[in-house]
Protein chains: 4
Amino acid sequence: MVDKTKGPQVQSTVKDESLIAVRREQMIQGAIKLFKEKGFHRATTREIAKAAGFSIGTLYEYIRTKEDVLYLVCDSIYKQSMGRLANFEIKEGTVDDLKSAIREYFLQVDGMLDELTIMYQETKSLSKEAQAYVFSKEFEIVAVVERLLKRCVQSGEISMTDKQIHMAANSLVVQGQSWAFRKWALHRQHTLDEYIEMQTTLFISGIKGF
Amino acid sequence: MVDKTKGPQVQSTVKDESLIAVRREQMIQGAIKLFKEKGFHRATTREIAKAAGFSIGTLYEYIRTKEDVLYLVCDSIYKQSMGRLANFEIKEGTVDDLKSAIREYFLQVDGMLDELTIMYQETKSLSKEAQAYVFSKEFEIVAVVERLLKRCVQSGEISMTDKQIHMAANSLVVQGQSWAFRKWALHRQHTLDEYIEMQTTLFISGIKGF
Amino acid sequence: MVDKTKGPQVQSTVKDESLIAVRREQMIQGAIKLFKEKGFHRATTREIAKAAGFSIGTLYEYIRTKEDVLYLVCDSIYKQSMGRLANFEIKEGTVDDLKSAIREYFLQVDGMLDELTIMYQETKSLSKEAQAYVFSKEFEIVAVVERLLKRCVQSGEISMTDKQIHMAANSLVVQGQSWAFRKWALHRQHTLDEYIEMQTTLFISGIKGF
Amino acid sequence: MVDKTKGPQVQSTVKDESLIAVRREQMIQGAIKLFKEKGFHRATTREIAKAAGFSIGTLYEYIRTKEDVLYLVCDSIYKQSMGRLANFEIKEGTVDDLKSAIREYFLQVDGMLDELTIMYQETKSLSKEAQAYVFSKEFEIVAVVERLLKRCVQSGEISMTDKQIHMAANSLVVQGQSWAFRKWALHRQHTLDEYIEMQTTLFISGIKGF
DNA sequence: CATGAATGAGCATTCATTCAT
DNA sequence: TATGAATGAATGCTCATTCAT
């Protein structure tokens, strides 16, 4: 049930669609590496082109403005995380399912630490339109968790109102993301497994309190 | 027990310390307003000077680089939140104390929504040195919560290991901050009171699970 | 007695002369349309190619530089006006002949308003060499008028020195062209017929004053 | 009776009005020299700044876009010619007055050959708004001549309708300007005095024909 | 011959910072 | 101390031209 809504499309003067895909992928990978190092604002278009492996002129054959690069990067990251989240859906409504879903989610976050950090720090540099699209993608992720919780409620294992579900889902998602954007605070004190275990306990006990 | 560690000092060609204080306060207030609107990178030094109420020349009498302004702003915001957190300390170790501390903290966050958002989005633009200082301030905030939890453990009301305390304190702090940086996701669905109540339940039940 | 002097030749990698002629005609028509709208400098080679109906690569099979396009356009316009002027020659030397020649010339100008405006505004963008050629074409047009006047002098209907003839011929040509390049000043106040009539009176009475 | 209508104002970040006047004058003089050589499009802003005697940064303290420079140049040229035309007005309505006014006008054109050529070639590069303003200045010049002719009609020395006056005034103005923009065709054949004399005869005899 | 992707020199414009007054 | 004019390195973006397919 992945949302197929297309966000604002980035224009290209190149016609060959598959070439566009290839070049944009190069661009995105180069840009992610660069943005990690210096952030979006300090990265120049020339550096982005170089990191992507082509010239500044070629870069602009595939985008219209520098902001387009950021948008493509953010879009790509979200698509990547949504892709990984898709298999959460097939689970039943037991608490054990929830636990393994949480584990799965945290593992995914851990596999995309830099990407998620970029997303968190640079989204505000997008146009309002692009921001809205990125936020809609974030909503989808929260919605996945909400659906998991609803299933647990339906199965009678836990009891929560819709508001509580919405709030808890947001909390869990944020908690996961904090493993990325609070690296400096968390990674030195906790291993990923420890952290997952503790977060799972905190969350499961927490929602049982409702 | 507020930490008095001074961070990297910002140089000024002006000698009158009280004048420096006055001008920097003007600068910080103007800059916060500006950064809210356009972010640090898009705000120009001229605009900052204008927002502060003096000329670009005067601005540079009180700072050395544009980054200094951001540093002063971040420092000011942290000092402000630390000031408000100070009274948490005087509480005893009951769960009710903890609950009211949580409420107090969330109220504080709600009173500094824009400031905290700026902090979250712009910290990465600081020099490594200044970032380290700002992070140390963040650690202090977490430390306040850790101390609260420890007192609860000491009073026997709850039972947690040090690692769990560290992790839970971080979680709570992040959860509070998310009220600021996930405004778009949370404020339309929940009132502040609702949100505090749910977060409190989630957290208290959660840590009781340890 | 049309001058057959060839101007600087534009190189092409294509060998089929008739194909060259076809493609260049497409190019010239497209370019005229484009230059009307945005002028030579603001029109890109891509746009020229598109307006001509082929790709940028093909465009460059038939020219060497963007300036070549302008040259071909200017050359084409002059050839067109020279072609139309050719029949002036066959007239005798009466003032009535002169009058109808003037009318004919102004009608021709009116049929090439946009083209002449392009010529007037863009000639300076040509290389010195190409400019010289275009000027030589302009001289030919003036020469046509000079010959007309000379015949009137020979027939005894009017009396003018060579210098006066040269100057009057230039004046008439400019006056005609001004119907194109001062459109904004003249077309709202005068119909073409009115204008021709007044110009004819002014000119004929004028030269009779010599 | 110089028109004092202000055209679109060019913004400056500099506050000192008299300094603005000085720097813009430097800019205009440098730009005229440069535009003479290479035209507006081929002149870079850096070259303009250099020709004006200051840095690129300073240039942009006094204008907002490159087009502003062209506008300032055109405006300055028109103001200059209008200033010189002002004294035409004081004449009476004799044909001799007209003759000396014509002479005066042609002398003025001769003193502004390059400037007028720039005007003729670059006006089209201005924005529609700026173009409209420049055209209105041109209308004023024509209007001066119209007034001269009207006075001659009133004094009974010649007889012309309003339409004829409008058309003749335009013709005379164009004829004068052609001394500048057809330099290559006229200056080699005629001295200024010769040219003025012939043009005067042509024009006076011409309008007497109405 | 035709195509269109690739190239990079070149350009307008911005903005942090300095310094003479 | 305060001011604001001057500076020029840096940057996003364009576009004429080339060349492999």
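Both backbone and side-chain heavy atoms feed into the values below; hydrogens, waters and symmetry mates do not. Every chain is numbered from 1 and lettered A, B, ... according to where its sequence line falls, protein lines coming before strand lines.
- Taking atom NZ of A:Lys50 as the reference point, atom C1' of E:dA6 lies 18 Å away to the nearest angstrom.
- The side chain of D:Lys15 lies closest to F:dA5, out of F:dA5, E:dA2, E:dA5.
- The salt bridge (charged side-chain N to carboxylate O under 4.0 Å, His left out) test applied to A:Arg46 returns no partner, not counting sequence neighbours.
- Side-chain atoms of C:Leu19 lie closest to E:dC1 of the nucleotides E:dA6, E:dA5, E:dC1.
- The nearest whole Å value for the distance from the CZ atom in B:Phe54 to the P atom in F:dT3 is 9 Å.
- Counting to the nearest Å, the P atom of F:dC13 and the CD atom of A:Glu47 are 15 Å from each other.
- For B:Tyr71 and B:Tyr133, the ring centers sit closer than 6.0 Å to each other.
- Using cut-offs of 30° and 60° for the angle between ring planes, the A:Phe181 and A:Tyr120 rings count as tilted.
- The side chain of B:Arg23 places no N or O atom within less than 4.0 Å of a non-bridging phosphate oxygen (OP1 or OP2) of F:dT1.
- Of the candidate nucleotides E:dA5, F:dT7, F:dG4, F:dG4 has the atom nearest to the side chain of B:Ser55.
- With A:Phe40 as the aromatic partner, A:Lys124 does not meet the cation-pi criteria of under 6.0 angstrom to the ring centre and within 45 degrees of the ring axis.
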Legend entry - Dot-bracket notation for DNA chain E, counting Watson-Crick and G-U pairs under 3.5 Å, with | for partners on another strand: .||||||||||||||||||||

Legend entry - Annotated protein contacts, base or backbone, on nucleotides 16-21 of chain F with a non-hydrogen cut-off under 4.0 Å, one of B, S, - each: BBB---

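- At a threshold of 4.0 angstrom between heavy atoms, the contacts of A:Thr13 are confined to the sugar-phosphate backbone, with no base atom among them.
- Every side-chain contact (heavy atoms from CB on, under 4.5 Å) that B:Thr65 has, sequence neighbours left out, goes to B:Glu67, B:Asp68.
- OP1 and OP2 of E:dC1 both lie 4.0 Å or more from every side-chain N or O belonging to C:Tyr62.
- In this entry the distance linking CD of B:Glu17 with C1' of F:dT1 reads 15 Å, nearest Å.
- Distance CD (A:Gln11) to P (F:dT14): 12 Å, rounded to an integer number of Å.
- Here the shortest heavy-atom pairing between C:Ile77 and C:Glu115 reads CD1-O, 3.3 Å.
- Between C:Leu59 and B:Arg42, the residue anchored closer to the 5' end of DNA chain E is C:Leu59, taking for each the nucleotide with the nearest heavy atom.
- With sequence neighbours excluded, no residue forms a salt bridge (charged side-chain N to carboxylate O under 4.0 Å, His left out) with C:Glu129.
- Under a cut-off of 6.0 angstrom, the local environment of NZ in D:Lys33 is sparse, with at most 12 non-hydrogen atoms contributed by other residues, nucleotides or ligands.
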Atom pairs and distances, side-chain donor-acceptor, residues 19-28 of chain B, under 3.5 Å, sequence neighbours left out:
{"unit_1": "B:Arg23", "atom_1": "NH1", "unit_2": "B:Gln26", "atom_2": "OE1", "d": "2.9"}
{"unit_1": "B:Arg24", "atom_1": "NE", "unit_2": "B:Tyr62", "atom_2": "O", "d": "3.2"}
{"unit_1": "B:Arg24", "atom_1": "NH2", "unit_2": "B:Val10", "atom_2": "O", "d": "2.9"}
{"unit_1": "B:Arg24", "atom_1": "NH2", "unit_2": "B:Tyr62", "atom_2": "O", "d": "2.9"}
{"unit_1": "B:Glu25", "atom_1": "OE2", "unit_2": "B:Gln29", "atom_2": "NE2", "d": "2.7"}

